[in-house]
Amino acid sequence: MSTLASVYSPAAIEEKWYAYWMRHGLFHSEPDEREPYAVVIPPPNVTGVLHMGHMLNNTIQDVLVRRARMLGKNACWVPGTDHASIATEAKVVEKLAAEGVKKTDLSREDFLRHAWEWTRRHGGIILEQLKRLGASCDWERTSFTMDEGYSRSVIRAFVDLYRQGKIYRGVRMINWDPQAQTALSDEEVIYREQQGKLYYVRYRVSGAAAEGQPAYVVVATTRPETIFGDTAVCINPGDERYRWLRGKKLLVPLINREVPVIEDEYVDPEFGTGCLKVTPAHDVNDYLLGEKYGLEVIDIFNDDGTLSPKAQRYVGQDRFEVRRQVEEELAAEGLLEKVEAYANKVGFSERTNAAIEPKLSMQWFVRMEELAAPALAAVMDDDVQLFPPKFKNTYRHWMEHIKDWCISRQLWWGHRIPAWYLPQGGLVVAETAEQALAAAREKTGNPQLALADLRQDEDCLDTWFSSWLWPISVFDPDVAGHPEADPNKDLQYYYPTTDLVTAPEILFFWVARMIVAGYEWAGGYPFKNVYLTGIVRDKQGRKMSKSLGNSPDPVALMEKYGADSVRLGMLLTSPAGNDLPFDESLCEQGRNFCNKIWNAFRLISSWEPGDGEPQPEHAQVAVEWFGELLRKALQSVADDFDKYRLSEALMALYKLYWDEFSGWYLEIIKPQQGRPMDAATYKATLRFFDAMLRLLHPFMPFITEELWQNLAERKDGESIMVAPQPSAREHDEDVLRRFEQAKQVVSAIRSLRKDRGIPSREPLTLLYRGELSPAAAAVAGRLANVQQVAAVEENTEPMCASFLVGTTELYVPLGSLANAEEERKKLAAEVERLTAFLGGVKAKLDNEKFVRSAPEAIVALERKKQRDAEAKIAALTEQLEKLK
RNA sequence: GGGAGCUUAGCUCAGCUGGUUUAGAGCAUCUGCCUUACAAGCAGAGGGUCGGGGGUUCGAACCCCUCAGCUCCCACCA
C-alpha cells in the first residue's frame with residue numbers, strides 16, 4: 001500500500017514544481033523552427049494587486065498556453081505591467097497627501113522620483129501572485145510600459161503619427177476629471193443614471209417689460225450652478241409661445257448679466273419649458289451653439305471643480321456645494337419657479353469616479369477615421385476573430401462611429417508628450433530634446449537657439465497610447481513609429497500573436513486600438529483570436545468590488561484550496577462572454593476533484609504487476625472500452641478547444657476522470673484482495689492515467705506534474721509541461737455501445753438490490769433472453785456480484801425480478817428473496833409506462849401526413865420504436881402472467 | 001432614443017442546419033452505505049407544462065409574430 005496521505009495537500013507541491021519549471025527554463029521561449037504560439041498578457045497596473053478578474057483571465061490564458069505547448073507549438077506568454085498613468089499618479093498623490101505634501105508643491109522631477117519609488121516598492125507584486133496561480137509566463141520577457149525601450153517606441157509612435165498629420169493639437173470640449181485634474185478620452189467616461197433635479201429658473205427680461213408681455217421667462221436646467229457661465233438663452237424659432245422674446249435681452253439670475261436670446265432648431269420645444277440656457281464653456285451642445293452664434297465663453301470652474309473668479313459668485317467653493325446654495329438663493333429671490341425630480345445621465349471618471357466636467361481646453365488628439373479602416377475590416381473579415389462572436393456587432397458600431405482620440409493627460413506619471421514650444425510661438429515634435437533643438441533651429445533659422453529656449457509640453461500621453469503597442473513593442477520596441485525599421489527576429493517569429501484573452505470592457509480602450517496599431521506599424525493584425533471573458537460576480541450577481549468588500553482575496557483562496565482547485569473553480573462555470581457567478585464552493589468542488597485524482601493515483605500505485613498472471617475477461621473488456629472512450633474524449637476536447645469552450649472541455653475531462661475512469665474502469669480492473677494484477681492491464685492503466693494527466697495538465701498544472709513525476713522514473717528536467725498531448729484517433733462506437741449495455745445491466749442490478757434490500761454480498765444469477773454481450777456478462781460478474789449468467793429460451797423461473805436493457809429481457813431469480821406482489825406492481829407500472837409511450841408512437845405513425853412527409857429514416861425509426869415497445873410489453877406481460 | 005443578447009431542474013449552464021431524447025450536465029437535494037483509493041467518498045433516487053400567448057409545420061426548446069422580465073453596448077436632449 002502506498003504511503004501517500006489520503007488527502008492531497010497542495011502547498012509544498014505547488015511551490016516545488018513552480019521552482020522546478022523555472023529552474024529548467026520551461027517557460028522560456030526562443031524562436032525556432034516550430035510553429036509559434038504567442039499570447040501577450042493584458043498588462044495589469046504595475047502597482048495593482050491580484051483580484052478575481054485577473055484570476056479568471058490568467059487562468060484561461062495559462063490553460064491555452066499550456067495546451068499549445070503540449071501540442072508541440074513553441075508557446076510564448078509575455079507578461080508585464082502597465083504604468084497606469086491616472087491610477088498610479090492618484091495613488092502617489094494620495095500617499096504624499098497623507099505625508100502632508102501637496103503635488104503642487106513639488107517639481108515634476110521630485111514628483112517622478114516619488115512615483116518611481118512607489119513603483120519600485122509596489123510594482124510587480126501582482127506578477128509574483130500570478131506565479132502562485134501557476135502562470136507559465138516567459139518571465140525573461142517581462143515588460144513594463146515605461147521601460148526604456150518601450151518608452152522609446154511610444155514616443156516614436158507619437159512622432160510618426162504627428163508627421164503623418166494624424167495627430168493634431170486643438171481646443172476642444174473634452175471630459176475633465178476634476179479629481180485627477182486631467183482630460184480624459186470619451187472612453188474613460190462612464191455614464192450612470194443619476195436621480196437629480198430639474199430646476200425651473202426665472203430669467204428676467206432686460207429693461208422695462210413691454211405692454212402685455214411677461215417680465216421673465218422660465219428656463220429648465222439640471223445644473224443651476226452653471227448660470228454664472230450663461231451667455232445666451234435659446235428658443236426654437238418655430239415656437240410661437242416665445243415669439244415675443246425675439247431680439248430681447250435677458251438677465252442672468254443672481255449676477256444680472258445681460259445675455260441675448262438666440263433661436264436654433266436644436267431646442268426641443270417639448271422639453272422643459274422649451275427655453276434653454278446656453279453655457280458654452282460647460283456643455284458640449286452649448287459649446288456648439290456658442291460657436292455657431294459667436295457667443296462669449298465664460299469658464300466658471302477651476303481645474304479642481306471649484307468656482308473660479310469668472311463666476312463672480314461663490315468663488316473657491318465646490319460645484320456641488322454651490323448648486324445647493326444657488327438653489328436656496330434662487331428660491332429666496334423668488335427666481336425659482338419649481339423643482340422637479342429628474343433622472344439624467346451623468347458622466348463619471350472611469351478611474352477616479354469623479355463627476356466629469358465638460359471643459360474647453362487645448363489638447364492633443366489622434367485623428368482616428370483613417371486609422372480605423374483596416375482595423376474594422378480585420379474583424380469584419382474574420383482575420384481577427386472575436387469569441388463569442390456577438391461582440392463583432394459592438395465592435396463594428398464603435399469603429400464606424402469612431403471619434404478622434406484625446407491622448408493628452410495633465411499628469412506627470414507617463415510618457416511626456418514630445419512637443420517643444422518655440423519662444424516665438426509654434427512648436428516642433430521630435431523623439432528627443434536634441435532632435436527637437438535641431439528641428440527648432442532649422443524652423444526658426446536661428447542656430448543660436450538653445451535647449452533652454454524651448455519649453456517641452458507638460459502633459460503626458462494617455463496610458464492606452466502606450467498599451468496599444470503592447471503586442472508589437474514587447475517583442476521589438478524599435479518597430480512602432482518606425483516604418484523603415486526591419487522587425488527583429490522575435491517580432492518576425494511571434495507576430496501576429498495567436499490568442500488574446502481579455503475583458504469586454506476594454507474592447508475599445510485596448511483591443512480595437514491594438515488592432516489599429518498593428519496595421520499601422522506591424523503590417524497586420526496583432527492577434528488571430530480574441531477571447532472575451534465575463535465579469536466575475538458574487539453569488540448575488542453583484543460585480544466584485546473593493547467598496548462592496550465582496551471580492552475574496554485570490555491568494556488566500558489559493559492558500560486554502562490550492563491553486564489547481566481555484567483554477568478549476570474559475571473554469572467550471574464560465575463559458576466565453578458569460579459572467580461568472582463566483583462562489584467559494586466552486587473551489588471546494590475543485591479541491592474534491594484534486595483529491596479524487598490523488599486517490600486514484602494512490603490506488604494505482606499500490607498495484608504490483610504479477611508474473612504470468614492471466615488477464616481476466618472483465619479487465620480485458622474494461623481496457624478495450626476505456627481506450628476507445630479516451631479516443632472519443634480526445635476528439636471532443638479538441639473540438640471544444642477549437643471553439644474556446646474551455647468549461648465544456650474541462651467538464652468532459654472531469655466526468656471522464658471521475659465517472660468513467662474512477663467509477664467504472666478502476667472498479668472493474670481492481671484486483672481481488674491480495675491478488676497481483678496482470679501485466680497487460682497494469683500497463684494499460686498506467687498508459688491511461690498518463691494520458692489523462694496530460695489532458696488535465698493545462699487546467700491543473702501542479703497536481704498533474706506531481707503525479708506524472710511519480711508515475712515513472714523521470715530524468716531531471718523532464719516535465720509533463722512539455723510532454724505531448726495524446727493525439728486523437730478514430731474510435732470504435734461498437735465497443736462503446738457494448739459497454740453501455742454492461743453499465744445498464746450493472747445499474748439495473750444495483751437498483752434492484754437497493755429496492756429489495758438485497759445486500760451486495762448476496763450473489764445473484766442473471767438469466768437473459770435476447771442479446772447480451774460477453775462484455776456485459778463479465779462486467780456484471782465483477783461489479784454486481786453476479787455469479788452466473790445464462791441465456792434462456794424462455795424464463796421458467798416465476799419468482800424473479802425482471803428488467804429490460806434495450807430489447808434484451810433480463811431475469812434475476814430471487815427465490816425466497818422475492819415478494820410476488822411487489823414484483824407484480826413493478827412490472828405493471830413498467831407496462832403502463834411503455835403502453836403510454838407506444839400510444840404516442842402509434843399516433844405519430846397513424847398520421848398519414850407524417851408518414852408521407854417525414855424523411856424515411858425518421859419514419860423507420862418510429863416503426864422500430866413501435867416494434868420494440870410492443871415486444872417489450874409482450875415480454876413483461878408474459879412475465880406478469882407467470883407471477884399470478 | 002438606437003443596437004445586441006438573454007429567459008431550459010433549487011443554482012450555473014449545454015442543447016450545432018426543426019425529427020435517434022420519452023429534454024441533458026455539474027452542483028445542490030433526498031435515501032442507503034465508515035464496501036480494505038477516496039465520507040472532500042460510494043450506490044441509488046427525485047426534480048423541468050424549455051418566460052406567457054399566438055402562428056408556421058406531419059413534427060417546435062430550436063423558425064415567425066406578440067407580450068413580459070433581465071443584461072450589456074452605444075448616443076450631446078437641457
Side-chain angles (χ1 to χ4, degrees), chain A residues 1-2 4 6-8 173 191 198-199 219-223 226 234 266-268 270-279 283-288 342 344-345 347 358 388 390-395 397-398 401 504-505 507-508 535 539 541 565 572-575 577-581 583 585-586 588-589 591-606 643 645 647-648 651-652 654-655 658 662-663 666-667 670 673-674 747 750-751 753-755 757 759-761 833-834 836-837 840-841 844 847-855 857-862 864-865 869:
Chain A
M1 187 67 221
S2 159
L4 293 172
S6 71
V7 170
Y8 169 60
M173 185 65 86
Y191 288 89
L198 192 57
Y199 303 83
V219 170
T221 178
T222 52
R223 301 200 56 191
T226 62
C234 190
Y266 165 74
V267 175
D268 174 6
E270 301 297 312
F271 189 88
T273 61
C275 222
L276 171 74
K277 75 187 208 52
V278 183
T279 321
D283 183 281
V284 181
N285 299 301
D286 293 11
Y287 174 66
L288 296 174
Y342 183 71
N344 68 330
K345 296 257 177 147
K390 66 175 176 183
F391 287 107
K392 230 169 132 172
N393 275 325
T394 321
Y395 181 88
H397 187 265
W398 191 74
H401 298 91
E505 294 135 68
L507 187 58
F508 306 135
I535 296 165
K539 249 208 300 205
S565 305
L572 276 166
T573 171
S574 57
N578 268 34
D579 287 355
L580 164 63
D583 184 71
S585 64
L586 288 164
E588 259 174 64
Q589 195 183 342
R591 180 200 58 188
N592 294 354
F593 187 48
C594 287
N595 210 40
K596 188 73 191 172
I597 296 176
W598 182 256
N599 277 293
F601 178 76
R602 283 177 68 224
L603 177 66
I604 291 169
S605 60
S606 72
K643 296 176 177 135
R645 287 147 64 132
S647 289
E648 293 195 25
M651 187 46 72
Y654 178 92
K655 286 190 275 190
W658 200 310
S662 299
L666 290 182
E667 290 300 331
K670 207 191 257 187
Q673 292 135 301
S747 290
R750 282 170 174 169
S751 182
R753 278 181 188 277
K754 176 139 176 145
D755 279 354
S760 49
R761 45 184 103 255
R833 197 184 62 82
L834 281 167
F837 172 64
V841 175
K844 227 176 185 180
N847 182 342
E848 254 182 71
K849 281 186 181 167
F850 169 71
V851 179
R852 210 171 341 113
S853 3
I858 299 299
V859 177
L861 181 74
E862 290 303 314
K864 182 172 175 353
K865 279 185 191 169

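All values below were derived from every heavy atom in this structure, side-chain atoms included, with hydrogens, water molecules and symmetry-related copies excluded. In what follows, every chain begins at residue 1, and chains take the letters A, B, ... in the order their sequences are listed.
Taking atom C1' on both nucleotides, B/rG54 is separated from B/rC70 by 23 Å, rounded to a whole Å. Annotation: B/rU17 and B/rU22 have their C1' atoms spaced 24 Å apart (nearest Å). Nucleotides B/rG46 and B/rC30 place their C1' atoms 7 Å apart, quoted to the nearest Å. Between the C1' atoms of B/rG18 and B/rA23, the separation comes to 15 Å (whole Å). Of the C1' atoms belonging to B/rG10 and B/rA28, the separation is 7 Å, rounded to the nearest Å. Between the C1' atoms of B/rA9 and B/rC50, the separation comes to 10 Å (whole Å). Between B/rC11 and B/rA4, the two C1' atoms lie 26 Å apart (nearest whole Å). Annotation: B/rU21 and B/rA61 have their C1' atoms spaced 12 Å apart (nearest Å).
B/rC6 atom C1' lies 9 Å from atom CG of A/Asn578, rounded to whole Å. In this structure, CZ of A/Phe850 is placed 13 Å from C1' of B/rU57, rounded to the nearest angstrom. What separates CG of A/Leu666 from P of B/rU36 is a distance of 16 Å, to the nearest Å. The nearest whole Å value for the distance from the NZ atom in A/Lys345 to the C1' atom in B/rA75 is 9 Å. What separates CG of A/Asn393 from C1' of B/rC72 is a distance of 13 Å, to the nearest Å. Atom CD1 in A/Ile858 sits roughly 8 Å away from atom P in B/rG19 (whole-Å rounding). At whole-Å resolution of the value, CD in A/Glu648 and C1' in B/rC13 are 9 Å apart. What separates CG of A/Asp579 from P of B/rC72 is a distance of 8 Å, to the nearest Å.
In this structure, A/Asn847 reaches the sugar-phosphate backbone alone: every heavy-atom distance under 4.0 Å involves primed, P, OP1 or OP2 atoms, never a base. If you check every strand for non-hydrogen atoms under 4.0 Å, A/Val841 touches nothing. Residue A/Asn344 is classed as a sugar-phosphate contact, given heavy-atom separations below 4.0 Å to backbone atoms only. Note on A/Val267: a base of the nucleic acid sits closer than 4.0 angstrom, heavy atoms only. Within the 4.0 angstrom heavy-atom criterion, only backbone atoms of the sugar-phosphate kind lie near A/Arg750; the bases stay farther away. Within 4.0 Å (heavy atoms only), A/Tyr287 reaches no atom of the nucleic acid at all. If you check every strand for non-hydrogen atoms under 4.0 Å, A/Ser747 touches sugar and phosphate atoms only. Contact annotation for A/Pro855: base contact, defined as any heavy-atom pair under 4.0 Å involving a base atom. Counting non-hydrogen atoms under 4.0 angstrom, A/Glu667 reaches a base of the nucleic acid. A/Ser853 comes within contact range of at least one nucleobase, with a heavy-atom separation under 4.0 Å.
Nearest to the side-chain atoms of A/Lys754 among the listed nucleotides B/rC77, B/rU31, B/rC58 stands B/rU31. In the set B/rC58, B/rA78, B/rC38, B/rC38 carries the atom at the smallest distance from any side-chain atom of A/Arg602. The A/Arg833 side chain lies nearest to B/rU22 when the options are B/rA40, B/rC42, B/rU22. The side chain of A/Tyr266 sits closest to B/rC77 out of B/rG26, B/rA40, B/rC77. Among the nucleotides B/rC74, B/rA78, B/rA40, the one closest to the side chain of A/Phe508 is B/rC74.
Contact annotation: A/Asn592 reaches the phosphate of B/rG41 (side-chain N/O to OP1 or OP2, under 4.0 Å). Under 4.0 angstrom from either OP1 or OP2 of B/rG15 there lies at least one side-chain N or O belonging to A/Arg645. Regarding contacts with the backbone of B/rG26, every side-chain N or O of A/Trp658 stays at 4.0 angstrom or more from both OP1 and OP2. Side-chain N/O atoms of A/Tyr199 include none lying less than 4.0 angstrom from OP1 or OP2 on B/rA78. In terms of phosphate contacts, A/Lys670 brings a side-chain nitrogen or oxygen within less than 4.0 Å of OP1 or OP2 of B/rA37. A/Tyr191 has no side-chain polar atom (N or O) that falls below the 4.0 Å cut-off from OP1 or OP2 of B/rC73.
Panel note: side chain A/His397, backbone A/Asn393; no donor-acceptor pair is recorded below 3.5 Å. Without hydrogens or angle criteria, A/Ser605 side chain to A/Phe601 main chain gives a donor-acceptor distance under 3.5 Å. Looking at A/Asn599, its side chain does come within 3.5 Å of a backbone N or O of A/Ser6 through a donor-acceptor pair.
Comparing A/Lys390 and A/Ser760 by the nucleotide of RNA chain B that holds the closest heavy atom to each, the one mapping nearer the 5' end is A/Lys390. Sequence order on RNA chain B of the closest nucleotides to A/Lys655 and A/Arg761 puts A/Lys655 first from the 5' end.
Residue A/Lys865 places no side-chain atom within donor-acceptor reach of the base of B/rU20, judged by atom type and a 3.5 Å distance cut-off alone. A donor-acceptor contact under 3.5 Å links the side chain of A/Asn285 to the base of B/rC76.
For B/rU22, the base is stacked against the aromatic ring of A/Phe837, per a cut-off of 5.5 Å between centres and 30° between planes.
Counting all heavy atoms, side chain and backbone alike, A/Leu666 lies closest to A/Ala600 at CD1-CB, 3.9 Å.
Under the 4.5 Å side-chain criterion, counting only non-hydrogen atoms from C-beta, A/Phe391 is in contact with A/Pro504. A heavy-atom distance below 4.5 Å is not found between the side chains of A/Asp283 and A/Pro358.
A cation-pi arrangement is present between A/Lys844 and A/Phe850 under the rule of less than 6.0 angstrom and at most 45 degrees off the ring axis.
With sequence neighbours excluded, the residues forming a ring-ring contact (aromatic ring centres under 6.0 Å, His included) with A/Tyr8 are A/Trp598, listed by chain and number.
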How does RNA chain B read in dot-bracket, base by base from 5' to 3', with Watson-Crick or G-U pairs under 3.5 Å and | used when the partner is on another strand? (((((((..((((.....[....)))).(((((.......))))).....(((((..]....))))))))))))....
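Around the CZ atom of A/Arg852, the shell of radius 6.0 Å holds more than 12 heavy atoms that belong to other residues, nucleotides or ligands.
Ring pair A/Phe593/A/Tyr654 is tilted by interplanar angle, where 30° to 60° counts as tilted.
The CZ atom of A/Arg645 lies 13.5 Å from the CE atom of A/Met651; values are rounded to the nearest 0.5 Å.
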